[in-house]
J.: 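Quick one: the structure is below, and I'll ask about it shortly.
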Amino acid sequence: MVSARTKHLLHVCLMIVVVLLFEWIAGGLWVSEVERLKMDMLNPWELYGVLATLVLYGLRILTFLAFPQVIFNILGLVFFNAFPDKVVLKSSPLLAPFICIRVVTRGDFPDLVKKNVNRNLNLCLDVGLENFMMEVVTDRMIPGLSEYQRVREVVVPPSYATKTGALFKARALQYCLEPDINILSDQDWIVHLDEETILTDNAIRGILNFVYNGKHQFGQGVITYANDQVVNWLTTLADSFRVADDMGKLRAQFYIFHKPYFSWKGSYVVTQCGAERKISFDNGPDGSVAEDCYFGMKAYSQGYSFNFIEGEMWEKSPFTIWDFLQQRKRWMQGIFLVVHSKTLAWRNKLLLAISLYSWITLPLSTSNLVLAKMVPIPCYPLVNFICGLIGAMNIYMYIFGVIKSFSLHRMGAGKMIFFIIGALLTIPFNIIVENVAVIWGLFGKKHHFYVVNKELKEQQLTTV
C-alpha cells in the first residue's frame, strides 16, 4: 500500500513535470535561437500599428488576473498533503458540543431530501455522534419528514420578509436565526448542507475535530463529484477542476491565512451559531444571489477566523449542460453583486475582485490562445514564463481533480488515464460554457436564483 506521503510526493512531481513540459512547448522556459532572433527583430508597433499593438499587450496582461489564484493553488497543492490518511478523532464524539446539520431546500425534491436526510442521519449515528440533530428548512412542507427522529422541519412562511429584503436561500437561512425560531445556543455549531450533499465518516470526524479545537468560528472542507454514482460524465469531469480548487486555493487561504480571500462555497459550511447570528444572512438582494460569498466577505471584514476541515463530502455535478451553464451564470452574477456592493470595503474583497475580473475577461484572455500564434508580440522572458505557468496549472488542475475524485485502486490505471484524458478534453467545453456564462450573466437579470435539477431516475445513474 502506497503511503499518503508518497502519493503526495508523486503528485507534486507530476505537477512539476506538467508545468515544465507546458513551459517548454509554449516557449516559457526555452526558445530556439531562430525563434529568439525572429522575436528580437519583430517590431509590433510598425507591423501591427499602435492601436493593435496596445490591444495585443492589453490582452496579454489580462492573463495575469488569474495569477493570484494560481499562486494560492500551488501553495495548497504543494505544502499540504493532498492525500491525507483517514481522519482520526481527537476526542470522543460523546464530548462534542451540540451540532445542528442544516439543509435548506425549496421543497421541490421531497424524495431526494428524505433519502439524503435518512442516509446522513444513519451515518452520524454509525460514527458515534450523539449530541446532534438534523434540521430541514423548506419553503414547502415535506410529507413524512416529521416522522424521522432527531429531525426538525422548519417551514418558512410565504409572508416572512427580512428587514433588508433578503431573497432565496438567504431569506430561509435568516428565518432560522430569528429569535422565535432559533433553538440553538451561541456555543452550538451548524453544518450547512445542500439538499443533495452526502456526508462521509471522514467528514463527520473532521467536523468533530474542528469544533473540538474551537479556535475558528467558520470552517469548510472539500466536496467531490465522482463518488457513489455519476449522472453526466461531461459535467462531472469538467467539475474535477473544482475539486482541485478546493484542495489548492481553499486550503491555502484557510490553513495559512484563515481568511476567505477568494470566498468559499455554500455547502459543507460549518459555523458557530453565535458568530452566524451576529453576521446574519439579512444582506439585501445583492447579498442573496451568492449568499455564501457575501456572508464570507462580511465575516472576514468583521475579523472572524476560518479554517479548513479534513474529510470530504459528496455531491453530484449538474445533470444537464443547460443546468451546468445556469449554475455558472448564477455564480458569476452573485459574485459580481458582492464585489460591487457598497457595504463591503474594497480591502476585504480585493482578491475576490481580481478573481471575478479574471472570470469576466475570460472571453478576451482566451483569445490569446489564437492571437499568440497569429500575431506574436515580443515579451520579457518572465512574462512568458508566468503566462505559461498559469496555463500549465489550469491544465494540471483537471488532472489532479480526476486523481483525487476517482480511486486508482478501484478503477485501475487504465480507467484512470482514460478519465484524465476525458477531463482534459472537457477543457474546450468548459471554456465555451464559462464564456457564454460571462456574457449572459453580465447582460442578463442578476437578481435571479436558478435551481438546478437534483432528483434523478435510476436509469440515469452510472455507479463508479
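Values below: every heavy atom of this structure, side chains too, minus hydrogens, waters and symmetry copies. In this text the structure is predicted, and so the values were computed from the model without any measurement.
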J.: Can you tell me if Glu135 uses its side chain to pair, donor with acceptor, with the backbone of Arg102 under 3.5 Å?
T.: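 No; judged by distance alone, with no hydrogens or angles, the pair does not exist.
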J.: Can a salt bridge be assigned to the pair Arg205 and Asp126 using a cut-off of 4.0 Å between side-chain N and carboxylate O?
T.: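 Salt bridge flag = no for Asp126 with Arg205.
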J.: Are side-chain heavy atoms of Lys86 and Asn202 found at a separation under 4.5 Å?
T.: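 Touching, per the 4.5 Å side-chain cut-off.
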J.: Whether the Tyr398 and Asn430 side chains hold a donor-acceptor pair (N or O, under 3.5 Å, no angle test) is what I'd like checked.
T.: yes
J.: Is any side-chain heavy atom of Ile223 closer than 4.5 Å to a side-chain heavy atom of Glu312?
T.: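 Counting from C-beta outward, Ile223 and Glu312 never come under 4.5 Å.
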J.: Using 30° and 60° as the class boundaries, would you call the ring planes of Tyr304 and Phe218 parallel, tilted or perpendicular?
T.: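 Rings of Tyr304 and Phe218: perpendicular, over 60°.
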J.: Would you check if the distance from the ring center of Phe98 to the ring center of Phe132 is below 6.0 Å?
T.: no
J.: With no hydrogens and no angle check, do the side chains of Asn348 and Ser301 hold a donor and an acceptor under 3.5 Å apart?
T.: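 Distance-only check fails for Asn348 and Ser301.
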J.: With ring centroids as reference points, do Phe336 and His340 lie under 6.0 angstrom apart?
T.: yes
J.: Keeping the roles fixed (side chain from Asp323, backbone from Phe319), state whether a donor-acceptor pair exists under 3.5 Å.
T.: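 A pair under 3.5 Å: no.
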J.: Would you mind reporting whether Leu362 and Ser365 have side-chain heavy atoms less than 4.5 Å apart?
T.: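 Counting from C-beta outward, Ser365 and Leu362 do come under 4.5 Å.
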J.: Show your reasoning for whether side-chain contact (heavy atoms from CB on, under 4.5 Å) applies to Cys124 and Ile101.
T.: CA-CA 10 Å; Cys124 289; Ile101 302 173; 3.5 Å; yes
J.: Have Ser358 and Ser355 got a donor and an acceptor in their side chains that come within less than 3.5 Å?
T.: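 Ser355 and Ser358 do not have a side-chain donor-acceptor pair below 3.5 Å.
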J.: Taking the ring centre of each residue, are Phe254 and Phe308 less than 6.0 Å apart?
T.: no
J.: Answer yes or no: is there an ion pair linking Asp245 with Arg242, defined by an N-O contact shorter than 4.0 Å?
T.: no
J.: Do Phe281 and Glu276 have side-chain heavy atoms sitting under 4.5 Å apart?
T.: yes
J.: With the side chain counted from C-beta on, respond yes when Leu77 and His8 share a heavy-atom pair under 4.5 Å apart, and no when they do not.
T.: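 No; the side chains remain at least 4.5 Å from each other.
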J.: Is the distance between the ring centroids of Phe22 and Tyr396 under 6.0 Å?
T.: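 No, they do not, as the ring centres are separated by 6.0 Å or more.
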J.: Tell me whether the centres of the aromatic rings in Phe257 and Phe72 are closer together than 6.0 Å.
T.: yes
J.: If only side-chain N and O atoms count, and only distance matters, is there a donor-acceptor pair under 3.5 Å linking Glu315 with Thr197?
T.: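 Distance-only check passes for Thr197 and Glu315.
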J.: Quick one: do Lys265 and Asp246 make a salt bridge, cutoff under 4.0 Å?
T.: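 A salt bridge links Lys265 with Asp246.
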J.: Hey, does the Lys NZ or Arg CZ of Lys90 hover above the aromatic six-ring of Tyr212, less than 6.0 Å from the centre and inside 45° of the axis?
T.: no
J.: Please say whether the positively charged group of Lys316, taken as NZ for Lys or CZ for Arg, lies over the ring of Trp314, i.e. under 6.0 angstrom from the six-membered ring centre and within 45 degrees of the axis.
T.: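 Cation-pi check for Lys316 and Trp314: fails.
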J.: Taking the inter-plane angle between the rings of Phe210 and Trp189 on a 0 to 90° scale, is it parallel (under 30°), tilted (30 to 60°) or perpendicular (over 60°)?
T.: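 Perpendicular.
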J.: Quick one, Ile279 and Phe295 - any side-chain contact, counting heavy atoms below 4.5 Å?
T.: yes
J.: Quick one: does NZ or CZ of Arg328 land under 6.0 Å from the six-membered ring centre of Phe324, within 45 degrees of the ring axis?
T.: yes
